[in-house]
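Some notes on the structure that comes next.
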Amino acid sequence: MFRDLSIDVETGEIVAVIGPSGVGKTTLLRMLSLALEPDGGAVEFDGTDVWSVDDSERLSLRRHIGMVFQEASLFDASVARNVEYGLRVRRSWSDRLRSELHSIVSSNGTADAVRESLEIVGLTEKTDQHADSLSGGEAQRVSFARALAYNPDILLLDEPTSDLDPRNTAVIEDAMSEARDRGIGVVVATHDMHQAERVADRVAVLLDDSIVEIGPTEAIFESPSDDRTRKFIAGELIY
């Protein structure tokens with residue numbers, strides 16, 4: 001599907017991937033999340049070609065990556081249980097047994113990491129509330145908190161605010177900045193170019209079957225080097 005595609009993500013930065021609907025932004029994120037093996041080329045994590053190692057090592061690498069999808073997918077449980085889920089499944093079985101009491105459940109019934117991540121998305125008052133009672137925007141914020149709770153090295157966001165109102169969008173965008181400030185590398189796929197301008201340190205422009213340009217946000221929007229980028233931002237390209 002892709003041709004001559006290259007993208008890198010550093011710790012402590014936000015990279016926005018912009019492009020029209022159907023161009024492959026979600027497919028790109030699935031490859032970056034190690035859920036989809038490319039037909040050619042390589043996906044490297046900290047210098048390791050992830051598809052050249054065995055399944056157990058790849059699973060270990062995958063534990064360093066979090067992902068938030070366009071639609072929240074929460075379990076039939078409390079907000080706290082939803083958020084702590086990532087903490088539990090990313091531990092080895094021996095670690096889970098050793099730290100279940102001390103690391104997951106604190107004196108007030110909520111792990112410190114769960115509480116901190118819920119604070120970031122402004123939902124500490126919802127800790128014990130059942131997930132099915134949340135609004136759509138609140139559910140998406142819980143999904144973000146779940147991905148943030150285990151402090152991944154890379155956080156992938158697939159159109160995380162496309163269905164949200166301005167208030168919930170602002171909370172998610174602030175949470176992206178908090179993740180970056182924690183040293184997490186963030187990749188957000190978005191069709192909202194204004195959002196890319198607001199949150200990203202760098203922007204990658206995905207058109208047709210390749211990234212035609214990637215660079216600092218201001219340079220991409222103010223003085224792109226590729227004429228296709230200029231036309232796309234100006235709305236002159238029809239897809």
Side-chain angles (χ1 to χ4, degrees), residues 1-46 48-51 58-74 86 89-90 139-164 169 172-173 175-177 179-180 182 184-193 195-215 217 220 232 239:
M1 178 178 181
F2 295 123
R3 174 180 56 83
D4 298 329
L5 186 150
S6 179
I7 185 171
D8 64 292
V9 184
E10 301 293 337
T11 57
E13 73 165 350
I14 299 176
V15 177
V17 180
I18 62 173
S21 297
V23 76
K25 297 189 294 294
T26 297
T27 300
L28 174 59
L29 291 190
R30 289 186 65 206
M31 288 194 295
L32 295 178
S33 70
L34 317 190
L36 179 65
E37 182 178 3
D39 294 331
V43 178
E44 294 188 357
F45 185 94
D46 198 21
T48 298
D49 182 343
V50 301
W51 294 104
R58 187 161 50 252
L59 177 60
S60 178
L61 293 172
R62 190 177 293 165
R63 289 191 174 112
H64 294 270
I65 302 170
M67 188 160 182
V68 178
F69 299 93
Q70 183 173 347
E71 295 184 5
S73 297
L74 301 183
V89 300
R90 279 170 171 75
Q140 186 69 326
R141 287 153 65 184
V142 170
S143 293
F144 194 105
R146 180 170 59 194
L148 191 62
Y150 56 85
N151 199 34
D153 293 318
I154 299 293
L155 183 57
L156 308 174
L157 311 173
D158 188 8
E159 301 280 5
T161 63
S162 62
D163 297 324
L164 303 189
T169 294
I172 293 292
E173 290 181 356
M176 291 184 211
S177 297
R180 174 186 57 197
R182 288 185 171 198
I184 297 171
V186 180
V187 182
V188 53
T190 180
H191 67 272
D192 185 344
M193 288 186 283
Q195 179 174 80
E197 283 191 279
R198 287 192 299 268
V199 304
D201 300 297
R202 292 190 296 140
V203 173
V205 184
L206 183 59
L207 298 175
D208 299 322
D209 55 2
S210 65
I211 291 178
V212 300
E213 187 169 0
I214 183 169
T217 301
I220 293 294
F232 174 69
Y239 286 85

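No experiment lies behind these values; they were computed from the predicted model shown.
- Not a single donor-acceptor pair under 3.5 Å links the side chain of Glu173 to the backbone N or O of Val199.
- For the pair Leu5 and Leu28, the minimum side-chain heavy-atom distance is below 4.5 Å.
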Side chains of residues 10-17: which donor-acceptor pairs under 3.5 Å do they make with residues two or more places apart or in other chains?
unit_1, atom_1, unit_2, atom_2, d
Glu13, OE1, Arg202, NE, 3.0
Glu13, OE2, Glu10, N, 2.8
Glu13, OE2, Arg202, NH2, 2.7

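- To the nearest 0.5 Å, the span separating CD on Gln140 from CG on Leu164 amounts to 5.5 Å.
- Here the CG-CG distance, from Leu34 to Leu32, works out to 8.0 Å after rounding to the nearest 0.5 Å.
- The only member of Leu206, Val23, Val205, Leu207 that meets side-chain contact (heavy atoms from CB on, under 4.5 Å) when paired with Ile18 is Val205.
- You'll find the side chain of Arg63 stays beyond 4.5 Å of the side chain of Tyr150, heavy atoms only.
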Derivation and outcome, side chain to side chain contact (heavy atoms under 4.5 Å, CB included), residues Asn151 and Ile184: CA-CA 8 Å; Asn151 199 34; Ile184 297 171; 3.7 Å; yes

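- The backbone N or O of Val50 sits nowhere less than 3.5 Å from a side-chain atom of Thr48 that would complete a donor-acceptor pair.
- Within the 3.5 Å criterion, the main-chain N or O of Ala139 finds a donor-acceptor partner in the side chain of Ser143.
- Side-chain contact between Ile7 and Ile214 is present, with at least one heavy-atom pair separated by less than 4.5 Å.
- Between Gln70 and Ser162, the closest heavy-atom pair is NE2-OG, 2.9 Å.
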Set out, in order, the CA-CA distance, both residues' side-chain angles and the distance that settles side chain to side chain contact (heavy atoms under 4.5 Å, CB included) for Leu74 and Arg146, then state yes or no. CA-CA 10 Å; Leu74 301 183; Arg146 180 170 59 194; 3.9 Å; yes

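- With a 4.5 Å cut-off on side-chain heavy atoms, Val187 and Leu29 count as touching.
- Rounding to the nearest 0.5 Å gives a distance of 8.0 Å between CG of Leu157 and CD1 of Ile172.
- Between the CZ atom of Arg198 and the OG atom of Ser177 there is a distance of 10.5 Å, given to the nearest 0.5 Å.
- Within a 6.0 Å sphere centred on CD of Glu71, other residues, nucleotides and ligands contribute 12 heavy atoms or fewer.
- Looking at Glu213 and Ile220, their side chains come closer than 4.5 Å, going by heavy atoms from C-beta outward.
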Walk me through whether Glu197 and Val203 qualify under side chain to side chain contact (heavy atoms under 4.5 Å, CB included). CA-CA 8 Å; Glu197 283 191 279; Val203 173; over 6 Å; no

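- At least one side-chain heavy atom of Met176 sits less than 4.5 Å from a side-chain heavy atom of Phe144.
- Once rounded to the nearest 0.5 Å, the distance linking CG of Asp209 with CZ of Arg3 reads 4.5 Å.
- Proximity of Ile154 to His64: side-chain heavy atoms (C-beta onward) are nowhere separated by under 4.5 Å.
- Between atom CE of residue Met31 and atom CZ of residue Phe2 there is a gap of 4.5 Å, rounded to the nearest 0.5 Å.
- Looking at heavy atoms from C-beta onward, Pro38 lies in side-chain contact with Trp51 at the 4.5 angstrom threshold.
- Listed by first and then second residue, the side chain to side chain donor-acceptor pair (under 3.5 Å) pairs involving residues 23-42 are Thr26-Asp158 (not counting sequence neighbours).
- Distance alone, capped at 3.5 Å, is enough to place a donor-acceptor pair between the Thr217 side chain and the Asp201 backbone.
- Side-chain N/O atoms of Thr161 and Gln195 include a donor and acceptor closer than 3.5 Å.
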